Amino acid sequence: MLDPHLFRSDLEFVQTQLKRRGCDFDADFYTDIENRRKAIQVKTQELQNERNLSSKAIGQAKAKGEDVQPLLDQVQGLGEQLKAAATELGDIQAQMQSLMEGLPNLLDATVPEGNDEDDNIEISRWGEVPEFDFEIKDHVDLGAMHKGMDFETGAKITGARFVVLRSNIARLQRAIIQFMLDTHTDEHGYSETYVPYIVNADSLYGTGQLPKFADDLFKVSEDPDLYLIPTAEVPVTNIVRNEIVAADEMPLRMVSHTPCFRSEAGAYGKDVRGLIRQHQFEKVELVQVVKASESEQAHEDLTEHAENILKKLKLSYRKVLLCSGDTGFSSTKTYDLEVWLPGQEAYREISSCSNFKDFQARRLKARWRNPETGKPELVHTINGSGLAAGRALVAIMENYQTAAGDIVIPEVLQPYMGGMKVIKAT
RNA sequence: GGAGAGGUGGCUGAGUGGCCGAAAGCGGCGGUCUUGAAAACCGUUGAGGGUUUAUCCCCUCCCAGGGUUCGAAUCCCUGCCUCUCCGCCA
């Protein structure tokens, strides 16, 4: 949610900034609601004040043993007026709320203009794109060859976009996860965090998935409304919901491995083959909760932490700055890391690192106490995948394949594979 | 699943329908004292919002949502959560 004060002080700025993301904000409509809100709120509070004073007077008169009937007659009808005013105020506030919560975050000044992923800007590339002197296979064929990746059985058990992994391929995914968790905790200063995989609606509202993106979620319960997490971002970030974090605990750096569940509504034609786009996948997520003054640096750092995993795995990747049209609803600025997939001869997203500034914090009521002022201030939240484990598995299988169909295990993963160096095809 | 107890400020914990945004203690902050520190003593110390240049003033909040009342932390209803005992269980 955006800062309401900004709307009152510089509506034009808000409007032009929202236009950057193709959001047509009706300033007149807003102004109308805001003016009505102001008027009815003042009126309601005046009535409340009147009621409070009268009630106090009645209490005092009663204590003295005086006749309170005249006073009671005086407040006759006040209750009705108040109720009407309060109802009207509630309606207007609800209107204002739904207007505000539907608005995306304002973009950082450094975000390039553009409509879709074609307008994203490549910041850097790392590593050599591997060249093969044989006919390569993609991960689906390799997975089948190794009897380690079985989409048919996944479809039988559940449906499309589910998979069964077996033996060394399953183990390789687990090794990737373990390696990533260890690297982030031991080298990057994150605290390992285990969280629920089912969350309530308040949590999803806090991070911005609800109310707008309910279609992308799997709902597992009505009353109470509960959902499977689409990313660990949701439970981990919600740790600070309704909290005032002590200054000496800042910044918070948390890393969490969870499965992620996405209905992928609106992606029916995309990536139907293989492991790239599943309803259930494993991911290691990095979350930082920081002071406003530190968030831009923290965003750069967090992105580097994710990049570091790709470097250690010796996977070629590029870093992309998302353009205005491709940046997510809650984000001010997002870097995507795209890993080279030989099977697709393309760079594909394996991490997305975003700075939400105070947008989530305002929804979450997540604050920290600034010792300089003694006052609570909204935190800034930053998160990124570090990395998507399923896609990392795909990348390793495809980049490390041999002519015989073996999969060479990256050196850093070998300790997690019991010292194994190669997964043999036979 | 069965039975009971309870949710109050950063924490512990009192609270008779009006004088309660809330005793007391701890903690925090400021001061006195001290070369400095500790102790002691004194003072101060919740959040959000409205109006305002600002101060003042006002409103809301004692788990959440409804209700009763001129007036609710306090009474009533619903929900959520926590704890204890029993049962079951990885």
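So that the names make sense, note that chain A is the first sequence line, chain B the second, and so on, each numbered from 1. Heavy atoms only: backbone and side chains are in, while hydrogens, waters and symmetry mates are out. If you're wondering where the values come from, they're calculated on a predicted model, not measured in any experiment.
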Parallel, tilted or perpendicular, as decided by the 30° and 60° cut-offs, for the rings of Y335(A) and H299(A): parallel

I'd like the [atom1] distance from [M] over to [N], given in whole Å.
N       : M       : atom1 : result
rG27(B) : rG18(B) : P     : 33 Å
rA37(B) : rC80(B) : C1'   : 49 Å
rA72(B) : rU16(B) : C1'   : 13 Å
rG17(B) : rC76(B) : C1'   : 13 Å
rU82(B) : rC29(B) : C1'   : 33 Å
rG15(B) : rU68(B) : P     : 28 Å
rU69(B) : rU74(B) : P     : 16 Å
rA38(B) : rC33(B) : C1'   : 12 Å

| query | Can you tell me how far the CD atom of E377(A) sits from the CD1 atom of I244(A), to the nearest 0.5 Å? | reply |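 Taking CD in E377(A) and CD1 in I244(A), the distance rounds to 11.5 Å.
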
Output for pair (L313(A) CG, I176(A) CD1), nearest 0.5 Å, gives 7.0 Å

At under 4.0 Å between heavy atoms, what does [X] touch on the DNA or RNA strands: base, sugar-phosphate, or nothing?
X       : answer
P376(A) : sugar-phosphate
K43(A)  : nothing
R8(A)   : sugar-phosphate
K365(A) : nothing

Contacts of Q41(A) and T44(A) projected onto RNA chain B by closest heavy atom; the upstream (5') one is Q41(A)

Ranking K56(A) and R37(A) by the position along RNA chain B of their nearest nucleotide, the one closer to 5' is K56(A)

Point to revise | Over 12 foreign heavy atoms within 6.0 Å of NZ, K421(A) | key: no

Provide the Watson-Crick or G-U wobble partner of [N], both distances under 3.5 Å; none if there is no partner.
N       : value
rA37(B) : none
rG43(B) : rC29(B)
rA14(B) : none
rC20(B) : none
rC81(B) : rG6(B)
rA72(B) : none
rG1(B)  : rC86(B)
rC57(B) : rG50(B)

Would you say the side chains of T327(A) and R21(A) form a donor-acceptor pair under 3.5 Å? no

**Report entry** Side chains of T207(A) and Q360(A), donor plus acceptor under 3.5 Å
**Finding:**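 The answer is no; no qualifying pair exists.
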
State, yes or no, whether a side-chain contact exists between N105(A) and F329(A) at a heavy-atom distance under 4.5 Å.
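SC-SC contact between N105(A) and F329(A) ruled out.
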
- Item | Side chains of E307(A) and Y317(A) in contact at under 4.5 Å (non-hydrogen atoms) |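 Result yes, sub-4.5 Å side-chain heavy-atom pair found.
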
#### Entry: Heavy-atom contact window of chain A on RNA chain B, given 5' to 3' at under 4.0 Å
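Footprint of chain A along RNA chain B, 5' to 3': rG18(B) to rG71(B).
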
